[in-house]
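Have a look at the structure below before the remarks.
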Protein chains: 2
Amino acid sequence: MKDRHEHILGEVVRAYLGTGQPVGSRKLADQGELGLSPASIRNVMAELERQGMLASPHTSAGRVPTDTGLRYFVDTLMAVDSNINQTLEQKVAGHLSDAPGRNALLKRATDELASLTHFAGMVWVREQGFDRINRIELVPVSSEKVLAVIVTDVGEVQNRLIARPEESSEAQLHEISQRLNELLSGCNLEEVRVRLQHEMDSDRLKVRHLLEDLKRWADAPTEGQSDMFVSGQGQLLEMPEFAVVDTIRSLMTAIEEKEQLLHLVKQVESEESGVKVFIGSEHALVNMEQISVVLSRYEGPSNIVGTLGVIGPRRMHYERVMPIVDCTAKWVSKMLGGKL
Amino acid sequence: MKDRHEHILGEVVRAYLGTGQPVGSRKLADQGELGLSPASIRNVMAELERQGMLASPHTSAGRVPTDTGLRYFVDTLMAVDSNINQTLEQKVAGHLSDAPGRNALLKRATDELASLTHFAGMVWVREQGFDRINRIELVPVSSEKVLAVIVTDVGEVQNRLIARPEESSEAQLHEISQRLNELLSGCNLEEVRVRLQHEMDSDRLKVRHLLEDLKRWADAPTEGQSDMFVSGQGQLLEMPEFAVVDTIRSLMTAIEEKEQLLHLVKQVESEESGVKVFIGSEHALVNMEQISVVLSRYEGPSNIVGTLGVIGPRRMHYERVMPIVDCTAKWVSKMLGGKL
DNA sequence: TCTGGCACTCTAACGCCGGGAGTGCCGGAA
DNA sequence: TTCCGGCACTCCCGGCGTTAGAGTGCCAGA
């Protein structure tokens with residue numbers, strides 16, 4: 001593409017991002033950036049329209065960049081201001097560094113994304129199920145209950161309250177723990193089930209009830225689950241493009257149902273890394289052509305993987321939002337890595 | 001109030017609940033319920049307006065019940081259909097009974113409320129912080145890490161990964177556990193802190209690091225927190241009264257910020273029990289005069305207390321919604337009581 | 001005490017019109 | 001060849017007046 005064309009496309013996009021309104025040739029000329037008359041600009045704009053970079057809502061309404069146009073801008077024309085990252089990083093670090101737990105951290109990251117961008121922030125986390133169990137311990141809780149503490153190979157801890165064998169002393173429990181460890185540590189779930197069953201059948205331990213309870217756990221352990229935090233949807237409604245109730249409804253439904261968003265998240269997960277932008281119809285969310293989504297993967301310790309980002313209007317300032325998402329993802333990764 | 005007046009007020013409310021539109025005298029007369037001419041109905045309606053039960057948006061627009069009118073309807077006129085409860089109870093029970101955990105249960109209750117009423121379902125839960133610790137156990141995890149499992153007096157289990165004392169055998173850990181139990185079980189947090197400090201100072205145990213780690217936990221344990229689930233906001237937007245973006249914004253903001261809603265929840269918590277209705281301006285949520293909130297308390301085991309309900313349009317069918325909320329609250333209570 | 005009738009009021013919907021913004025194209029100038 | 005000023009054209013948007021419809025209040029008669 002010719003230099004002049006790129007230049008003008010850039011100006012159209014910039015003007016559009018600011019106001020959300022179609023931009024006409026006169027506005028660009030008056031603005032003085034280009035040093036060209038409206039007429040010349042018109043010629044180029046007509047050309048750009050033919051190329052699919054611009055579109056006009058109707059005859060006398062100026063031009064609006066198409067998804068392709070915005071894509072070209074983001075990929076080629078946009079200059080990411082990298083020294084904004086200094087102060088940005090401080091802010092993000094300040095808000096995230098003292099989060100008291102994993103969920104609190106992710107929640108804060110969501111809020112941080114929302115408050116920095118003024119759009120809807122979104123954090124998705126998937127906790128991988130464990131493969132094998134490392135260790136199992138019985139902790140007496142009361143005269144009727146004992147707590148089974150199971151440590152898995154991904155460092156996760158599962159608790160299960162089960163019935164205490166009658167008239168069992170602490171020493172006996174301790175002994176049972178040891179035996180269970182000999183029997184089960186290093187086993188995957190399937191093996192655990194088989195061995196427990198076998199043990200129950202052979203009735204070597206006179207603690208059937210306890211084994212049965214454990215078996216019940218092995219049949220349905222609380223597996224690693226996925227979770228999603230969203231915040232700041234309210235702010236989105238401030239944008240004039242959401243004056244139409246239809247768009248709002250689609251947006252809210254999409255956020256609530258999460259399935260469609262999951263599809264995007266999956267795409268980002270498979271990507272190696274970095275920030276990925278979905279502009280307008282690129283994300284294929286129905287009725288949300290006016291919405292863009294900016295996502296980045298983050299990585300915690302081995303068993304945690306996730307994606308975070310923002311949902312905003314198509315006309316967002318990508319050069320500002322992308323570093324924010326990038327920076328937040330990096331910090332979340334960092335914080336997660338240090339924890340657990 | 002006279003019989004006829006009550007009768008007509010009831011009819012106006014019923015008609016209004018169905019359509020959300022102002023109702024005129026002719027409509028009521030045509031409907032045939034009353035056996036009166038429009039003119040007579042008009043007289044009564046004028047009287048009801050003077051009493052503050054009805055209001056007219058403008059001269060030629062029929063009447064709409066005021067908050068007072070709806071309140072009178074709900075308190076006095078409304079007949080709750082109690083044999084709807086049969087099938088209702090089955091539905092609720094079916095969806096809630098096999099929830100795999102507390103949070104899953106509450107999330108499902110939210111969804112159930114939303115799907116039964118087609119409004120926004122909302123569940124609020126507050127977990128009381130524990131008072132004393134019942135028991136503490138050290139579970140070896142790896143050569144460097146040991147897991148402290150702390151069981152509190154409310155039956156809750158807290159885990160904390162801490163550094164393992166160098167060259168400690170399992171037997172030694174077990175011994176340390178026992179000593180810690182002697183030292184700490186039955187203590188509240190303050191005492192735990194003091195005793196740990198004392199122990200560290202006297203250096204009787206050669207496991208300073210471990211004690212320091214524990215102290216760090218005692219300084220900031222993961223305290224009982226409160227949480228709120230909301231779902232089905234999207235459905236609310238289907239209602240014609242949400243055609244105005246302003247109302248939507250207020251609603252979304254209220255749901256997101258939760259503070260205002262918390263105020264309502266508090267009111268319901270202090271109530272003894274049963275379903276409580278906030279009609280229109282009664283809940284004092286700004287800009288949400290068209291919204292009603294129906295809440296009920298539920299009760300779990302000793303350390304869990306909460307409130308659930310729905311947020312819907314002012315013109316909801318209270319006689320249908322109130323049993324739903326009631327029934328859900330009862331089932332959540334029941335399910336929670338059986339668990340943990 | 002109820003009812004039919006009548007005059008009155010207010011809104012929502014419709015069609016119309018003019019101003020404004022922007023375009024495409026053409027012919028002339030650098 | 002490239003750029004620019006000018007001109008005719010198109011289309012949207014907001015304001016205006018009109019009208020149909022819905023509902024009311026009140027009065028007089030059964």
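Because the structure is predicted, anything quoted here is derived from the model rather than measured. Numbered from 1 within each chain, the chains take letters A, B, ... in sequence-line order.
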Side-chain-base donor-acceptor pair under 3.5 Å for T59(B) and dC10(C): no
Proximity to DNA chain C (any heavy atom under 4.0 Å), residues of residues 34-49 of chain A only: R42(A)
Presence of K27(A) side-chain N/O under 4.0 Å of dA21(C) phosphate oxygens OP1/OP2: no
Nearest-Å distance for atom pair CD/C1', residues Q21(B) and dA22(D): 12 Å
R63(A), nearest nucleotide to its side chain (from dC12(D), dT23(C), dA22(D)): dT23(C)
Any side-chain heavy-atom pair of L261(B) and L285(B) under 4.5 Å: yes
Validation row: Q260(A), V286(A) side chains within 4.5 angstrom (heavy atoms): yes
Rounded distance in Å - CZ (R50(B)) to C1' (dT24(D)): 13 Å
Touch class at under 4.0 angstrom, heavy-atom based, for S25(A) against every strand present: sugar-phosphate
Lys/Arg-Asp/Glu bridge criterion (N-O < 4.0 Å) met for D111(B), K107(B): yes
E241(B) vs R315(B), salt bridge (charged side-chain N to carboxylate O under 4.0 Å, His left out): CA-CA, chis, key distance, verdict: CA-CA 10 Å; E241(B) 36 264 86; R315(B) 64 166 184 106; 2.8 Å; yes
Close side-chain approach of M45(A) and E49(A), heavy atoms under 4.5 Å: no
Spacing of I8(B) atom CD1 relative to dT24(D) atom P, expressed in whole Å: 12 Å
Inter-residue atom distance N43(B).CG - H5(B).NE2, 0.5 Å rounding: 9.0 Å
Candidate pair T117(B) and M316(B), rule side-chain contact (heavy atoms from CB on, under 4.5 Å), full reasoning: CA-CA 9 Å; T117(B) 61; M316(B) 69 171 81; over 6 Å; no
Distance, nearest 0.5 Å, that separates CG of L236(B) from CG of L251(B): 6.0 Å
Between dC4(D) (P) and R4(A) (CZ): distance, integer Å: 7 Å
R26(A) or S60(B), whichever maps to the more 5' nucleotide of DNA chain C: S60(B)
Interatomic distance, H7(A) atom NE2 to L28(A) atom CG [nearest 0.5 angstrom]: 10.0 Å
Paired and unpaired positions of DNA chain C as dot-bracket, Watson-Crick or G-U wobble under 3.5 Å, | denoting a partner strand: ||||||||||||||||||||||||||||||
